[in-house]
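Notes follow the structure.
Position 1 is the first residue of the sequence, and the numbers go up from there.
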Amino acid sequence: MTSTLDTRRGSDYAELSREIRAAKLLDRRRLHYAARIVTTGVVFAGSWFAFAWIGDSWYQTIVAAVLGIVFTQLGFLGHDGAHQQIAAKRSGNDMVGLIAGNLLTGLSIGWWIDKHNRHHANPNHEDHDPDVGAGALAWTEEQARERRGRFGRWAAGHQAYLFFPMLTLEGLSLHAASVQGLFRAPMRHRAIEAVLLVAHLAGYFAVLFTVLSPVKALVF
């Protein structure tokens with residue numbers, strides 16, 4: 001009698017991949033993404049319309065909270081486009097990533113793809129995964145021991161309590177890393193990414209400081 005192991009072709013991963021594809025779990029959901037793109041776009045435009053209508057008021061903090069959610073949804077769309085998950089062709093996915101990432105969110109999709117691919121290739125490997133590299137947080141005991149200065153050692157010892165307050169600065173960190181990535185990370189559309197990123201940053205701050213007072217703009 002031939003055993004199951006003898007008749008199975010390929011590795012365990014290949015067998016799992018066949019099962020996943022047979023269950024159609026990797027099929028593109030075009031209607032789903034069309035609805036998400038339209039909905040997110042409408043809420044995005046509506047939020048900026050409300051911003052212009054409210055004017056120089058502290059009620060703009062409500063608009064800021066809504067836009068925080070919308071920017072996150074745009075980031076998810078850029079993520080899925082970068083994974084070639086939305087459109088049938090690479091050009092369509094690249095366009096989604098460039099518009100949702102660089103233009104509307106202000107995050108370099110090329111920099112993110114490079115970083116994310118290295119993460120997927122070596123998940124949680126501190127020497128190769130950029131998501132667990134030494135930085136504001138210590139991910140391993142060795143990284144914690146390497147901290148220099150009284151504040152660095154104190155922060156590493158209390159980072160469980162500091163995590164969420166520090167997370168409020170992650171948006172700024174991602175924007176800064178995106179700008180740096182234009183000069184360092186490998187990417188296919190460097191010139192286009194640079195133009196769209198500059199357009200986002202210039203337009204965003206121009207609108208904020210035109211409508212709001214400097215203090216309100218900074219809080220926003």
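Legend: side-chain hydrogen bond (donor to acceptor under 3.5 Å, both in side chains) pairs involving residues 153-163, not counting sequence neighbours, sorted by first then second residue: Trp154-His158. Pairs of residues two or more places apart, or lying in two chains, never qualify as ring-ring contact (aromatic ring centres under 6.0 Å, His included) while including a residue from residues 162-188. A salt bridge (charged side-chain N to carboxylate O under 4.0 Å, His left out) check over residues 105-128, counting only residues at least two apart or in different chains, returns the pairs Asp114-Arg118, Lys115-Asp131. Within the structure, no pair that satisfies the ring-ring contact (aromatic ring centres under 6.0 Å, His included) test touches residues 12-35, not counting sequence neighbours.
Checked by atom type and distance alone, the side chain of Thr72 pairs as donor or acceptor with a backbone atom of Gly68 at under 3.5 Å. A distance-only check finds a donor-acceptor pair linking the side chain of Thr61 to the backbone of Trp58 [under 3.5 Å]. Between the side chain of Arg28 and the backbone N or O of Ala87, at least one donor-acceptor pair lies under 3.5 Å. In terms of modelled atom types and a separation under 3.5 Å, the side chain of Thr39 and the main chain of Arg36 share no donor-acceptor contact. Between the side chain of Gln60 and the main chain of Phe51, a donor-acceptor pair closer than 3.5 Å is present. Counting only distance, with no hydrogens or angles, the side chain of Asn102 and the backbone of Leu196 share no donor-acceptor pair below 3.5 Å. Arg148 contributes a side-chain N or O that, together with a main-chain N or O of Glu146, makes up a donor-acceptor pair within less than 3.5 Å.
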(Q) Between Leu26 and Ile20, does the side chain to side chain contact (heavy atoms under 4.5 Å, CB included) criterion hold? Intermediate values first, please. (A) CA-CA 7 Å; Leu26 297 182; Ile20 290 174; 3.8 Å; yes
**Q.** Working for side chain to side chain contact (heavy atoms under 4.5 Å, CB included), residues Leu197 and Trp111
**A.** CA-CA 12 Å; Leu197 206 58; Trp111 160 79; over 6 Å; no
Q: Kindly indicate, with the supporting measurements, whether the criterion side chain to side chain contact (heavy atoms under 4.5 Å, CB included) is fulfilled by Leu182 and Met187.
A: CA-CA 8 Å; Leu182 291 175; Met187 56 184 70; 4.1 Å; yes
Q: Begin from the C-alpha positions of Arg145 and Glu142 and carry the test side chain to side chain contact (heavy atoms under 4.5 Å, CB included) through to its verdict.
A: CA-CA 5 Å; Arg145 287 194 296 268; Glu142 183 179 354; 3.9 Å; yes
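The minimum heavy-atom distance between Arg147 and Leu137, with the atom names listed, is NH2-C, 3.2 Å. Closest of all the heavy-atom pairs between Val70 and Ser47 is CG2-OG, 4.3 Å. Pairing each heavy atom of Ala156 with each of Ala138, the nearest pair is CB-CB, 4.5 Å. Of all heavy-atom pairs spanning Gly81 and Ile86, the tightest one is N-CD1, 3.7 Å.
In this structure, Ile69 is not a member of the same hydrophobic cluster as Leu74, with clusters built from ILVMFWY side-chain heavy atoms closer than 4.5 Å. Tracing side-chain contacts under 4.5 Å through hydrophobic residues (I, L, V, M, F, W, Y), one never reaches Phe44 starting from Phe76; they form parts of separate clusters. Linking ILVMFWY residues whenever their side-chain heavy atoms come closer than 4.5 Å, directly or via other members, places Leu201 and Leu174 in the same cluster. There is a path of hydrophobic side-chain contacts, each under 4.5 Å, that joins Leu208 to Ile62. Under the 4.5 Å side-chain heavy-atom criterion for grouping Ile, Leu, Val, Met, Phe, Trp and Tyr, Val179 is connected to Phe205 within one hydrophobic cluster.
Note that CG of Asp80 is 4.5 Å distant from CD of Gln85, once rounded to the nearest 0.5 Å. Atom CD of residue Glu19 and atom CG of residue Leu25 lie 10.5 Å apart, to the nearest 0.5 angstrom. Distance CG/Asn93 to CG/Leu98: 11.0 Å, rounded to 0.5 Å.
With sequence neighbours left out, the side-chain hydrogen bond (donor to acceptor under 3.5 Å, both in side chains) criterion links Gln180 to no other residue. For Arg188, the side-chain hydrogen bond (donor to acceptor under 3.5 Å, both in side chains) partners two or more places apart in sequence, or in a different chain, are Asp94.
Applying side chain to side chain contact (heavy atoms under 4.5 Å, CB included) to Leu107 and the options Leu104, Thr105, Ile109 leaves one that passes, Thr105.
Taking the side chain as every heavy atom from C-beta outward, Val63 and Trp53 never approach each other to under 4.5 Å. Between Gln143 and Thr140, the closest side-chain pair of non-hydrogen atoms falls below 4.5 Å. Annotation: side chain of Ile99 is in contact with side chain of Met95 (closest heavy-atom distance under 4.5 Å). At least one side-chain heavy atom of Trp48 sits under 4.5 Å from a side-chain heavy atom of Leu67. Side chains of Phe220 and Leu212 form a contact here, defined as non-hydrogen atoms less than 4.5 Å apart.
A 6.0 Å sphere centred on CZ of Phe209 holds more than 12 heavy atoms belonging to other residues, nucleotides or ligands. Surrounding CG of Leu31 are at most 12 heavy atoms belonging to other residues, nucleotides or ligands under 6.0 Å away. Counting non-hydrogen atoms of neighbouring residues, nucleotides and ligands closer than 6.0 angstrom, the CD atom of Glu141 reaches no more than 12 such neighbours.
In this structure, a donor-acceptor pair under 3.5 Å is present between the side chains of His83 and His116.
Using a cutoff of 4.0 Å between basic side-chain nitrogens and carboxylate oxygens, Arg190 and Glu193 are not scored as salt-bridged.
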